[in-house]
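Everything below concerns the one structure shown next.
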Amino acid sequence: MSEHEEASELLRLRRDKLAAWLARGIDPFGRAFPDTASISALLADFLEGREARLAGRILSIRDMGKSLFAHLQDSSGKMQIYANLQTLGERFADLKLLDLGDIVGVEGECFRTKTGEKTLRVRHSELLSKSLRPLPSKWHGLHDVEARYRQRYLDLIVNPEVRETFHQRIRIIREIRRFLEERGFLEVETPMMQPVPGGAAATPFSTFHEALGIPLYLRIAPELYLKRLLIGGFERIFELNRNFRNEGISRKHNPEFTMLEAYWAFADFERMAELLESLVCHLAETVCGGLRLSSSTFPSIDLQPPWPRKRFADCLRDATGKEWFSLSPEQRRKLAEELGVELLPNAQDIDVTRHTFEKLVEARTAGPLFVTHLPTELVPLARQNREDPSVVDVFELIIGGQEVAPGYSELNDPIVQRERLEHQVGEETQKLDEDFLLALEYGMPPAGGIGLGIDRLVMLLTGRESIRDVIFFPLLRPREIP
RNA sequence: GGGCAGGUAGCUCAACGGCAGAGCAGGUGCCUUUUAAGCACUUGGUUCAGGGUUCGAAUCCCUGCCUGCCCA
């Protein structure tokens, strides 16, 4: 214990209680207490007189002298327990020593109190773990956002809605896997440490492999490896795991985030849009109980399919009132600024288009909307449209003013792919993944692909406004333990 | 990176230039069906850190740290 902690009376008293348990011959960090019932199951199937065995954390205590009530919380719910001197004899004093936060195992019989609350009359109890620090207030919960993120376990103990959000996240991810596997997709794992980070335009985290003496990068996307698997003969694959981007942190960005990428050989972006539409509807129905969502900016989002498709150029025409791509770059820039799009002085023409789209279309679209046929320059890994090579056969799914998922007809022409990547590399001082280009030359089947940002999807489906509310341990600047 | 807001008891929050407080939690006592249990008494503070202004600073000013929101 540090000097500072010794000064705290609350901590000292807990240590005194610990000593009191030891003095009574009881190990305050007990052993296993197996074969317990789940509280929610016991409550759902409640029978007076039924014997039950429970384990959990003490959340409240009402000590009445020769009897006491407490609430016990396990992973499924919470239930009142009751103990008195008459039933327990000299062991009753053990219960009187309990603190809020202690973890106990109890055995006894179910009954209802005068007021009808389902309760367990304790006949036997064991201390399973002594809590040496006070829990946050059971009534007010834990509101301090910094404490909630830094000590998520406390957030989870005292804030039921936080537990529920993470349970929903878990269900969403499980349902995605189930949905794709039912449709013949195989989950695969590809390198997270890559010699050449590719598949997206983002700054990677770098690291170093000592034995090989080579620099490595945490992946910014699995895309180029998944395509190698298409080349290798896997026809329906997905990877649902972490990507890492060395960028700022915000309400919508965490440096590590979870992404689904799925590829389907011999399909195209249209087919992927249908797949995505049915996947998201399935998730909304199984996890949110319906196809209606709401966010603070878009109070009513209706996911009822089919979802509309609209070409990128048409979106910009409707938002700006002009045939955007018929204008000169100078005219585009002027128009964007007139419409309130803030642009850096050195913004390229394509940046003007991108920012204008983000500000005037994406941010204002409740969706769901599939924006299709983006400019080729924006999407270097997608197939160009046959009729109009200035656009690519892709969609961008927008829901709730946010980009939720892109989908492509994947580019499988190794010569065009090389040109487009070289063009991109020239701009961004990235390295070219020659190994990927080599693989492409052996022939990759035409394929459809999608990427789905899981954290933002969970935000959307659970109505959370910050990515930190859907990631257990969001990145914060480390701090010394107080 | 820029702007704004915030950091006070274990938790939730007051006090806004004049004795640092409340509720809950904690402690002691009473209480064998309570449930935000109750009643009585009661402990608990580096007011984020450092500097400055002032007779006097949680409060005003400066610097730093951390967090949130907005913008880039």
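In the text below, chain A, chain B and the rest are named by the order of the sequence lines, each starting its count at 1. Given the structure is predicted, the values throughout are model-derived calculations rather than measurements.
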Looking only at side-chain N and O atoms, does A/Q80 offer a donor or acceptor that is under 3.5 Å from a partner on A/Y82? no
Side-chain N or O of A/K114 closer than 4.0 Å to phosphate OP1/OP2 of B/U34: yes
State plainly whether the residues A/R171 and A/E164 are in salt-bridge range, i.e. N to O under 4.0 Å. yes
Ignoring the backbone of A/M64, work out which of B/U34, B/G10, B/G68 is nearest its side chain. B/U34
By the Watson-Crick or G-U definition, both distances under 3.5 Å, B/A25 is matched with none
Searching all strands shown, indicate the nucleotide that pairs with B/U59 (Watson-Crick or G-U wobble; both distances under 3.5 Å). none
Select base, sugar-phosphate, or nothing to describe what A/L154 touches, counting heavy atoms under 4.0 Å on all strands. nothing
Tell me the partner of B/G6, counting only Watson-Crick (N1-N3 plus N6-O4 or O6-N4) or G-U wobble (N1-O2 and O6-N3) with both under 3.5 Å; none if nothing fits. B/C66
Looking only at the side chain of A/L10 (C-beta and beyond, no hydrogens), which of the listed nucleotides B/G26, B/C31, B/C11 gets closest? B/G26
Is any NZ, NE, NH1 or NH2 atom of the basic residue among A/R242 and A/E256 found under 4.0 Å from an Asp or Glu carboxylate oxygen of the other? yes
A/E146, nearest nucleotide to its side chain (from B/A37, B/U67, B/U33): B/U67
Short side-chain N/O contact from A/H140 to OP1 or OP2 of B/G23, under 4.0 Å: no
Which of the following nucleotides, B/G68, B/G26, B/U33, is nearest to the side chain of A/F111? B/U33
Of the candidate nucleotides B/A36, B/U33, B/G68, which contains the atom at the shortest distance from the side chain of A/F69? B/U33
Output yes when at least one side-chain N/O atom of A/R62 is less than 4.0 Å from OP1 or OP2 of B/U34, else no. no
Rounded to whole angstroms, how far apart are CG on A/L13 and P on B/U42? 18 Å
Describe the nucleic acid contact of A/L100 in one word from base, sugar-phosphate, nothing, applying a heavy-atom distance below 4.0 Å. sugar-phosphate
Selection from B/U12, B/U43, B/G68 that lies nearest to any side-chain heavy atom of A/H143: B/U12
Please determine if A/R123 and A/E51 form a salt bridge, counting it only when a charged side-chain N lies under 4.0 Å from a carboxylate O. yes
Just the rounded figure in Å: distance from C1' of B/G68 to CD of A/E465. 14 Å
For B/G38, the Watson-Crick or wobble partner whose two distances fall under 3.5 Å: B/C30
Is the phosphate of B/C30, meaning OP1 or OP2, less than 4.0 Å from a side-chain N or O of A/K66? no
Run the salt-bridge test on A/R57 and A/D74 with the 4.0 Å N-O cut-off and return the result as yes or no. no
Which of these passes ring-ring contact (aromatic ring centres under 6.0 Å, His included) with A/H373: A/F269, A/F312, A/F395? A/F269
N or O in side chain of A/R148 less than 4.0 angstrom from B/U67 OP1/OP2: no
Using only side-chain N and O atoms of A/K118, determine if any of them is under 4.0 Å from OP1 or OP2 of B/U33. no
Quick one: is B/U67 close enough that its OP1 or OP2 comes under 4.0 Å of any side-chain N or O from A/R150? yes
Return the value, rounded to whole Å, for the distance between atom CZ of A/R57 and atom C1' of B/A25. 16 Å
Can you say whether a donor on the side chain of A/E117 sits under 3.5 Å from an acceptor on the base of B/U33, or the other way round? no
Which value, in whole Å, describes the distance between the P atoms of nucleotides B/G27 and B/C65? 40 Å
With a 3.5 Å cut-off and just heavy-atom distances, do the side chain of A/S67 and the base of B/U33 make a donor-acceptor pair? no
